[in-house]
2 protein chains.
Amino acid sequence: MSQTVDRALSILPLLAEGPADLGQVAERLGVHKSTALRLLRTLHEHGLVYRQSDQRYRLGARLFALAQEAMENLDIREIAHPHLVRLNEACGHTVHLAVHEENEVLYIDKVDSRYPVRMYSRVGKPVAITVAAVAKLLLADLPEGERRALAEKLEYPLYTARSTPNAGAFLRELEKVREQGWATDLGGHEESINCVAAPIRGADGRVVAAMSVSAPNVVVTADELLTLLPRVRRTADAISGEYSGRTPVKDPTA
Amino acid sequence: MSQTVDRALSILPLLAEGPADLGQVAERLGVHKSTALRLLRTLHEHGLVYRQSDQRYRLGARLFALAQEAMENLDIREIAHPHLVRLNEACGHTVHLAVHEENEVLYIDKVDSRYPVRMYSRVGKPVAITVAAVAKLLLADLPEGERRALAEKLEYPLYTARSTPNAGAFLRELEKVREQGWATDLGGHEESINCVAAPIRGADGRVVAAMSVSAPNVVVTADELLTLLPRVRRTADAISGEYSGRTPVKDPTA
DNA sequence: AGCGTCGTTGCACTCTCTGCAACATCCATT
DNA sequence: AATGGATGTTGCAGAGAGTGCAACGACGCT
C-alpha cells in the first residue's frame, strides 16, 4: 500500500538470509543505490539494521528487543507459564505453548525437558505446521472455509514416513482432532520424537493457543507418553479457565 | 531520513508496549488516521503487525521469525554454542553469550542452569549494561573516547547496593576489567546472583563477544564461583581461536 | 431511532521520495 | 605512484507517491 515503506520492509527478510552490502540490497529491491541507502539509513536509525565493521548491513539489535517485548506482552503466555512449569516438574518432559497467527504456528513459550536428551526448538520459531500436534489443534478450530483454503495452500514436506502427505490427509486429521479435542504427533516431524497436545480456549470457546508435551522415544515410548494425556488436558483446561476470566484464583470473600 | 518509513517504524516500539487501535496510533504518531491506517496496512502485509480479533493492532509473528533467523545467522553464536554447552555440562550453571551493538549489550545465546533455581534472562533481551559482567568486558574494549562518551550517556539505576553508581565508578571498573582480562558481577544486578565472565576476541584481538557463568548464592558462593574463572577463560579462548580462524579443528594431515 | 465513535475510501494538493550524475574513498593492479 | 574500478555518499530537479480532508459506512450504545 505504501511504496516506500514496502520497499524498506522488504529489506528485512532479505537481510535475514545474511549480511549484504548496499549494492546487493539495491539490486534485489530493484531501486537505485541512493534510494536503498536512504532506506537502510532509516532502518538503521531505528536500530532494525546494523552496520557491521566491513560496512555490510545485517539485522539489528532492536529487532530482538522488539520481538522480546512483544512476546512478554502476550497475556496467554503470562497466564500459561506457571502451569507449564508445574507440568514440566511433574513429568520432566519438554512443554511447549504455541499460537496461530497469519498462516503460521509458532512457539511462544517452552519449558525444557529435564532429561539429558532434548528436542530442538526455539521460542519464536515457526513450527512444522502440517505435522505438529499443536498446529493440528490450532488449525482444526478454524472455520471450514479457511481451513480448506489453508490446507490447499500449504506444502507437505515428508520429514519422515509418518508425515502428513497431502491436503486431503491433513484435513481428515484435523477433523479427527477437532472431534476428539486433543492431538498427537507420533514421529511425524522427527522419527524418534512424539508429542501429545491439548487446546487452550478463550471465553467464547475458540482455541486461542495449544500446549504440548514432547519426548523422544529413547526416554518414553509413545504409549507411555499417551498416559500423560489426561494431565495435559487438565493443565490446558486450567489455563483456559484462567485466561477466559473464570476462576483465576477464586476469592473467598466474594 | 525518510519520513514515511520513519513514521512506519515508529509504530513498532509503540505497539511493543501493548496493543493499540488506529486512533491511538495516529495520535501518537501525530498524523491523520488515514495515514496511520495505510502505514499499519503496509506493516501488516509484511507480517510485522497483527490485527487481533478486537481490531486492535499488535506486533506480528514475522517479527519473531526475523529475530530468530537473524540470531541463527550470527556466526559467533554458531561457533560458540557447543563450547557453552560443554561448559554448562561441566559446571551445571547458566551460561550466557553476549554481544555489543549500538550502545546496547544483549544476550544472543544461553544454556540454562541444571539447578532448580534459575536466573531470569532471555536471549535477545538487552542486559543491565552498567553492572553485567559481560557488558563490562565488551565496553572496556571500546576506544577511550567512545567509552567515556558512552559512560556519560548511560543511566546508573541502583538495582542493589552493589550496583555501579555513576559514570566515574563505571569507567574505573572498565579500566580494571580491561587490564585483568575478565570481569565479575557480584550481586550488582540481583542481590543474590553472581557472574564471572571472559572475553571472546577476533583475529585482530578486539573483543567481539563475551561469555559468562551465573549462579545464585544459594547454589554456590561467590568465592566458589570464582574458582571456575580459569575454566571460563579457557572456554572463551577456545571460542576465540576458532572464531578467528586459528585452529578450528587442527587437521593432522596439514 | 438517533447519536457517537471508529475504521475506511476517493480525491486534489503538495511534499517527499526518486533517480541521475558527479564526487569521494578505498583497494587492487600496472 | 599512478590508474582504473569498485563501492558508498551527496545535491538537485522533476514527478510520483504519500498526505490530510471530508464524506461515507459500520457498529454499539442510550
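Values reported hereafter were calculated over all heavy atoms of this structure, with side chains retained and with hydrogens, waters and symmetry mates removed. A quick note: this is a predicted structure, and the numbers were derived from the prediction, not measured. Lettering of chains follows the sequences in order, A, B, ..., and the numbering in each one begins at 1.
- With rounding to the nearest 0.5 Å, the separation of CG in L66(B) from CG in L63(A) is 5.5 Å.
- Not a single donor-acceptor pair under 3.5 Å links the side chain of R201(A) to the backbone N or O of V207(A).
- Annotation: of the two residues near DNA chain D, S2(A) and K33(A), the 5′-most nearest-nucleotide partner is K33(A).
- In this structure, CG of L39(B) is placed 14 Å from C1' of dT16(C), rounded to the nearest angstrom.
- Taking 3.5 Å as the limit, the base of dG8(D) and the side chain of R51(A) contain no donor-acceptor pair of atoms between them.
- Taking all atoms of both residues into account, the shortest heavy-atom contact from L154(A) to F170(A) is CD1-CE2, 3.8 Å.
- Residue T35(B) places at least one side-chain N or O under 4.0 Å from the OP1 or OP2 atom of dG20(D).
- For dT19(D), the OP1/OP2 oxygens have no side-chain nitrogen or oxygen of H32(B) closer than 4.0 Å.
- For T4(B) and dC17(C), the shortest distance from a side-chain N or O to OP1 or OP2 is below 4.0 Å.
- Expressed to the nearest 0.5 Å, how far NZ of K33(A) lies from CZ of R38(A) amounts to 12.0 Å.
- Of the possible polar contacts, one joining the Q180(A) side chain to the W182(A) backbone as a donor-acceptor pair under 3.5 Å is found.
- In this entry the distance linking CG of L22(B) with C1' of dT9(C) reads 13 Å, nearest Å.
- Put simply, CD on Q55(B) is 11 Å from C1' on dT8(C), counting in whole angstrom units.
- Counting to the nearest Å, the P atom of dT19(D) and the CG atom of D6(B) are 11 Å from each other.
- For the pair L37(B) CG and dG20(D) C1', the interatomic distance rounds to 13 Å; values are reported in whole Å.
- Looking at the side chain of V31(A), the nearest of the listed nucleotides dG19(C), dC17(C), dT8(C) is dG19(C).
- Taking 3.5 Å as the limit, the base of dG20(D) and the side chain of S34(B) contain a donor-acceptor pair of atoms between them.
- Backbone-only engagement by R7(B) is indicated by non-hydrogen atom pairs under 4.0 Å involving sugar-phosphate atoms exclusively.
- Comparing Q3(B) and R38(A) by the nucleotide of DNA chain D that holds the closest heavy atom to each, the one mapping nearer the 5' end is R38(A).
- L40(B) has its CG atom 12 Å from the P atom of dT19(D), to the nearest Å.
- At whole-Å resolution of the value, CD in E27(B) and C1' in dG20(D) are 17 Å apart.
- Taking 4.0 angstrom as the limit, R41(A) places none of its side-chain polar atoms (N or O) nearer than this to OP1 or OP2 of dG8(D).
- Summarising the geometry, the separation between CG on D21(B) and P on dT8(C) is reported as 11 Å, rounded to the nearest angstrom.
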